[in-house]
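In what follows, every heavy atom counts, from backbone to side chain, and hydrogens, waters and symmetry copies are set aside.
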Protein chains: 2
Amino acid sequence: MSVTIYDVAREANVSMATVSRVVNGNQNVKPATRKKVLDCIERLGYRPNAVARGLASKKTTTIGVIVPDISKSYYAELSRGIADVATMYEYNIILSNSDKRPQREVELFEDHLGKQVDGVIFMSDSLSEEIRKEMATANVPIVLAGTLDAGTNLPTVNIDHEEAAYQAVKKLIENGHERIVHVSGPLSRDINRLCKKVGYEKALKEANLPIIDDFFIETDNTYDDAYEKWKLIRDLEEKPTGIFAGNDEIAVGILNGLRDDGLSVPDDMEVICFQHTLLTRVVRPQLSAVIVPLYDLGAVSMRLLTKLMNGEEVEDVGVILPYHMEERQSTK
Amino acid sequence: MSVTIYDVAREANVSMATVSRVVNGNQNVKPATRKKVLDCIERLGYRPNAVARGLASKKTTTIGVIVPDISKSYYAELSRGIADVATMYEYNIILSNSDKRPQREVELFEDHLGKQVDGVIFMSDSLSEEIRKEMATANVPIVLAGTLDAGTNLPTVNIDHEEAAYQAVKKLIENGHERIVHVSGPLSRDINRLCKKVGYEKALKEANLPIIDDFFIETDNTYDDAYEKWKLIRDLEEKPTGIFAGNDEIAVGILNGLRDDGLSVPDDMEVICFQHTLLTRVVRPQLSAVIVPLYDLGAVSMRLLTKLMNGEEVEDVGVILPYHMEERQSTK
DNA sequence: CTGAAAGCGCTAACAC
DNA sequence: GTGTTAGCGCTTTCAG
């Protein structure tokens, strides 16, 4: 068997309580005693058993992170932000993929609670009734990262997607465009239906431009689908001259469609999008974009969670982070 | 407080042992009793405490995953493979980022052991002396995923990078090229120095082509650096006509360098690389590449780990997965 | 400043 | 088929 706190205590001629104190940095230990214990720990190669500690103290210094799909760079980046702050506060992360399936989300959430996590960070498109109910009765703090709250009053950190979309489209309008297509991700996602689309329409309305159904193109958020859907735009009666894409993968699909049809950006078409990855800078022309601070979204979420776990009073549980727009070669 | 196994036992008029049996699916319970217990569990909303279970059973059904940087799509993809198989076998994952810092790797490894993980999957460039020592004395199974073993006899799953590099360069040679540049990642990484470079040189030797120092370009594996380093190639006395890039990010850097200098691929230069991401298909021309099965590397690693954790005899602890080459537009 | 002792919630013999 | 009873390794009062 491995060495326990009891072994150390015996070896050092002190009680388990004292060993526990030095391990936990409790100051009420005479320096000489501390040193003696530390020596024994070193000599025996003692490593505290976090599971036993968790059972006794009711804290595991572990948090749960439920993410749609870690292989998507969007969530990977966000998770890195979470992880770095978690490390800073000495928390471990149990990471699980939900694929956004509501039932799976509930299972994972319960599973994490069973593991006695001290808190959870949740990411998804929106909250199902079931998960909302689960969360309401959970007795650990929860933070929604980059996830629309829409109804509950859970702590959330996000950027203002509607405003960002509005600004992006406004930029196109200022450049003189009157026929602007919005190539969106799935409308089933709140962020697309309730934020980006709304921002797009708001900008059009403000400029007294018509909202044309055919100028709204829905994709499944992938490069391949966007590449295909470009044909819809190409074949439009009234040719648009500007494109607002829901993310960079979509934008690159469109860009390649344009390009393969011999059109040129930004001369024949100006393009702007939300940026989640390196893609925007790698393609030619480089894409003008709204830069979403994914890492920060994660980091701030975790920081907020630490406060909540500490029982600190947090006045502002609906954090909105700033974004910025970077104009590159796909707009003039 | 939350409801415990004791509460359920009392409510159902059975012993804790019986409740434990039904929770753990032990068949030695009369159906009627089982039902009664299940009802109480449902009614009281009992959720087993995995920490207590872990302490009593000495199994946490949790594994540790130590990864250089989850925000890199290479590792994110691999991790997803791990996670899916972990889910299948009902394991949770504690995920930590090491940034490949040897000391951090050791800390994380010990940390995970402290949390009593049942096994760990480790990814890095290579193994430092210290981590090797830690691993040797650990009493849980370890699998190296996509990580060069180089000396120890730890379970490993990988692809044959040397062979893949050899094939890629050979392809270029078959296309008639005699002056082929290898744009590599850092030579400090075993995978570059001991595998890809070796495969590159092997192909040249076999074709009686000289190995020219200037034809080896080292980068830090990033797009930006590769884009800069293109100038070194451009300014070479003897113009190369083929490029073998260590990964797709490098290849795209070179590609954009070429392109911004008005050169064309594949007419002026053929390019082939290792593929880790979507990048190869998104750029124009699409890049011919050796496709590394990242997801599978992760999945197979986890599968191997489950066997090891089960104490199964595994004859083949040095798994080599197949790769394949996809010829696209950057070669003829 | 240190020790004794009672759990934390569960599993795993071992009895019956 | 079911109950009893030790622990698992640690923290945490409470005494002293």
Open item on the list: Can you work out whether B/Leu55 or B/Ala17 has the more 5'-proximal nearest nucleotide on DNA chain C?
Closed with: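 With B/Leu55 and B/Ala17 compared, the 5'-side residue is B/Leu55.
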
Counting side-chain heavy atoms from CB outward, which of [options] is closest to [X]?
X       : options               : result
B/Val14 : C/dG9, D/dG9, D/dG3   : D/dG3
B/Ser15 : C/dA12, D/dT4, C/dG9  : D/dT4
B/Arg53 : C/dT11, C/dG3, D/dG9  : C/dT11
B/Ser57 : D/dG9, C/dA12, C/dG9  : C/dA12
B/Ala52 : D/dC8, D/dC10, C/dC10 : C/dC10
B/Met16 : D/dT12, D/dG9, C/dT11 : C/dT11

Donor-acceptor contact present, side-chain [X] to main-chain [Y], <3.5 Å:
X        : Y        : value
B/Asn26  : B/Asn28  : yes
A/Asn97  : A/Asp99  : no
B/Thr306 : B/Leu304 : no

Presence of [X] side-chain N/O under 4.0 Å of [N] phosphate oxygens OP1/OP2:
X       : N      : answer
B/Lys58 : C/dA12 : no
B/Thr18 : D/dG3  : yes
B/Asn24 : C/dT11 : yes
B/Tyr6  : D/dT4  : no
B/Lys59 : D/dC8  : no

Distance, rounded to the nearest Å, where [X] contributes [atom1] and [N] contributes [atom2]:
X       : N      : atom1 : atom2 : answer
B/Tyr46 : C/dG9  : OH    : C1'   : 7 Å
A/Asn49 : D/dC8  : CG    : P     : 12 Å
B/Arg47 : C/dC10 : CZ    : P     : 12 Å
B/Ile5  : D/dT4  : CD1   : P     : 14 Å
A/Asn26 : D/dT13 : CG    : C1'   : 13 Å
B/Asp7  : C/dC10 : CG    : P     : 9 Å
B/Ile41 : C/dG9  : CD1   : C1'   : 14 Å
A/Asn28 : D/dG16 : CG    : P     : 18 Å

- [ ] Run the numbers on A/Lys133 and A/Glu130 for salt bridge (charged side-chain N to carboxylate O under 4.0 Å, His left out), then give the verdict.
- [x] CA-CA 5 Å; A/Lys133 212 183 305 171; A/Glu130 297 76 47; 5.9 Å; no

TODO: Enter the distance from A/Tyr75:OH to A/Asp69:CG here, rounded to the nearest 0.5 Å.
DONE: 8.5 Å

- [ ] Using the closest heavy atom to pick a nucleotide of DNA chain D for each, name whichever of B/Lys30 or B/Ala56 lands nearer the 5' end.
- [x] B/Lys30

Open item on the list: Within the 4.0 Å heavy-atom criterion, would you say B/Asn13 contacts the bases, only the backbone, or no part of the nucleic acid?
Closed with: sugar-phosphate

Task: Quiz item: B/Arg21 side-chain donor-acceptor pair to D/dG3 base, under 3.5 Å - done: yes

Task: Side-chain donor-acceptor contact under 3.5 Å, B/Glu105 with B/Ser124 - done: yes

